[in-house]
Enquirer: 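Attaching a single structure in structure tokens format; questions to follow.
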Amino acid sequence: MEQKMLAVHGGEQTKTKSFHRWPYCDEKELANIKEVLDEKSWWRVNGRKIEEFETKFAKIHGVKYCLGVSNGTHALEIALQTLGIGRGDEVIVPAFTFISTASAVIYCNAEPVLADVKPDTFCMDPESFQKAITSKTKAVIPVHMAGYPCDMEEICRIAHEHGIKVIEDAAHAHGGEWKQRKIGSFGDMAAFSFQNGKIMTCGEGGALITNKQDLYDKAYLIHGVGRPREDTVYEHKVLGSNNRMNEFQAAVLLAQMERLNSFNWIREQNARKLDGLLKEIEGIIPQAPAPVGTVDTHYMYMFYYDKNCFGQLDREDFVKYMNAEGIPCFIAYPVISDTQFFQQKQFGKRIKISRKYGEGDLKNARRIAREVVWLPHYTLLGDDADIVEIVTAILKIKGNC
Ligand SMILES: *Cc1c(COP(=O)(O)O)cnc(C)c1O
């Protein structure tokens, strides 16, 4: 094969047209925002968009209640607070996740205890979860990593056996399914994020869903400085911050939600095509395909990158080369206990961490953090040519190593 000069060295870029725009919007968002502007009620107290959004978002996830909130991190914090998690409690979280899954626990003055993940699914390993349980364990937060649904039967079974609450971190998994049942409907509560890069977005935003009215009612109070719905006399029933969603966020989300299923479907088709093509490339191993009857939302397309098959080219350089070829991609999250914040115990007076996580622990999470590269979801929203160009760029880099 003729060797082409890499774009990073001044050669021609592989990507010939742009990927799908993200965030994506059309006249629907605009019309909804205009309605809010004209309403002259831009908050939830006498607006209508947030309630409409909550009703629909709960419905598509097959649950009774949804509470729109300020962002996904706050959604996790409110869920923990609602379930009464606090000082002296332990909450088990996967070692491989975005920081908020663990930091939300610390914000509630509880200790996050790290469980390892599975090497193929990148989701919490139920066995490792079980091993991490102590008499102080009050909750577990499985993360549907990159959209791959966690084994919720097994996680819930273990949790119920030990009287542990389950909070699903569904920040990557809007509209996802585990064996024909909606993500977010397994746990006591589930938290979603609508941050700019997520598969449904309003810039910043979040939601909690649950089937339990008492949890919904309590979360509602907490998210609005402890104030009941119809209150006009400043009666604050519980301690809470202000984590309310506003009407503009809901206006955008209502439009985004209409495209969710079709976008999820397009990404699934393209992910399967990409899996098929990458199978031929030595040194690239994608996250496992989800079982039949399951909806993987593909928030990220993740794969192991083995530099031994790329002439010892470091993963960071591979990412740089890919970016130069016009393919956006990134390195995976660090393991939670390897972040500076965790290493230096920057927790203020909130918690003292008793555990140490050595090199031999969290083996799978460490390997993923060290070797995985991911493509953002909008790279899977285009046509066949987009998929082929991703593969072409990888082969071009490989050919130059
Ligand atoms: C994005 C994300 C969050 C936090 O959501 P924000 O809306 O950004 O606060 C929580 N957990 C995971 C796994 C995430 O990826």
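Remember, it's a predicted structure, so these values are computed and weren't measured experimentally. Computed over heavy atoms, backbone and side chain alike; hydrogens, waters and symmetry mates excluded. Numbering of ligands and ligand atoms starts at 1, following listing order.
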Enquirer: Check contact between Tyr333 and ligand 1, using heavy atoms of the residue and a distance below 4.0 angstrom.
Expert: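 Yes.
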Enquirer: Using heavy atoms and a 4.0 Å limit, tell me yes or no: is Lys198 in contact with ligand 1?
Expert: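 Yes.
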Enquirer: Could you tell me, atom by atom, which parts of ligand 1 come under 4.0 Å of a heavy atom of Thr97?
Expert: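 Heavy-atom distances to Thr97 below 4.0 Å select 13 (C).
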Enquirer: Around atom CD of Gln13, are there more than 12 heavy atoms of other residues, nucleotides or ligands at under 6.0 Å?
Expert: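 Buried by this count: over 12 neighbours within 6.0 Å.
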Enquirer: Within 45 degrees of the axis of the six-membered ring of Tyr378 and under 6.0 Å from its centre: does Arg21 put its NZ or CZ there?
Expert: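 Judged by the rule, Arg21 and Tyr378 form no cation-pi pair.
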Enquirer: Counting from 1, what ligand 1 atoms have a heavy atom of Ser193 closer than 4.0 Å?
Expert: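 Near Ser193, the atoms of ligand 1 are 1 (C), 5 (O), 6 (P), 7 (O), 8 (O).
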Enquirer: Can you find an N or O of His172 that's nearer than 3.5 Å to an N or O of ligand 1?
Expert: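 Yes.
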Enquirer: Not counting sequence neighbours, which residues clear salt bridge (Lys or Arg N to Asp or Glu O under 4.0 Å) with Glu127? List them please.
Expert: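 Salt bridge (Lys or Arg N to Asp or Glu O under 4.0 Å) list for Glu127, sorted by chain: empty.
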Enquirer: Phe122 and ring pair (Phe, Tyr, Trp, His ring centres under 6.0 Å): which partner among Tyr301, Tyr148, Tyr299, Tyr304?
Expert: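 Single ring pair (Phe, Tyr, Trp, His ring centres under 6.0 Å) partner of Phe122 among Tyr301, Tyr148, Tyr299, Tyr304: Tyr304.
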Enquirer: Taking only residues two or more places apart in sequence, or in another chain, which ones meet Lys198 in a salt bridge (Lys or Arg N to Asp or Glu O under 4.0 Å)?
Expert: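 Partners of Lys198 by the salt bridge (Lys or Arg N to Asp or Glu O under 4.0 Å) criterion come out as none, since no residue qualifies.
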Enquirer: Examine Arg259 relative to Tyr24 and say whether NZ or CZ is less than 6.0 Å from the centre of the six-membered ring and inside a 45° cone about the ring axis.
Expert: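 Verdict for Tyr24: no cation-pi partner in Arg259.
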Enquirer: Which atoms of ligand 1 have any heavy atom of Ser100 under 4.0 Å away?
Expert: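 Contacts of ligand 1 toward Ser100, numbered from 1: 4 (C), 10 (C).
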Enquirer: Side chains of His223 and Asn243: is there a donor and an acceptor less than 3.5 Å apart?
Expert: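 Judged by distance alone, the side chains do not pair up.
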Enquirer: Please state which protein non-hydrogen atom is closest to atom 9 (O) of ligand 1 and give its distance, to 0.1 Å?
Expert: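 The closest heavy atom on the protein side is Thr73 OG1, 2.5 Å.
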Enquirer: Is there a polar contact between ligand 1 and Ala171, counting only N or O atoms under 3.5 Å apart?
Expert: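 Checking ligand 1 against Ala171, no N or O pair falls under 3.5 Å apart.
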Enquirer: Starting from atom 11 (N) of ligand 1, find the nearest protein heavy-atom neighbour and note its residue, name and distance.
Expert: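 Going atom by atom, the protein heavy atom closest to atom 11 (N) of ligand 1 ends up being Asp169 OD2, 2.8 Å.
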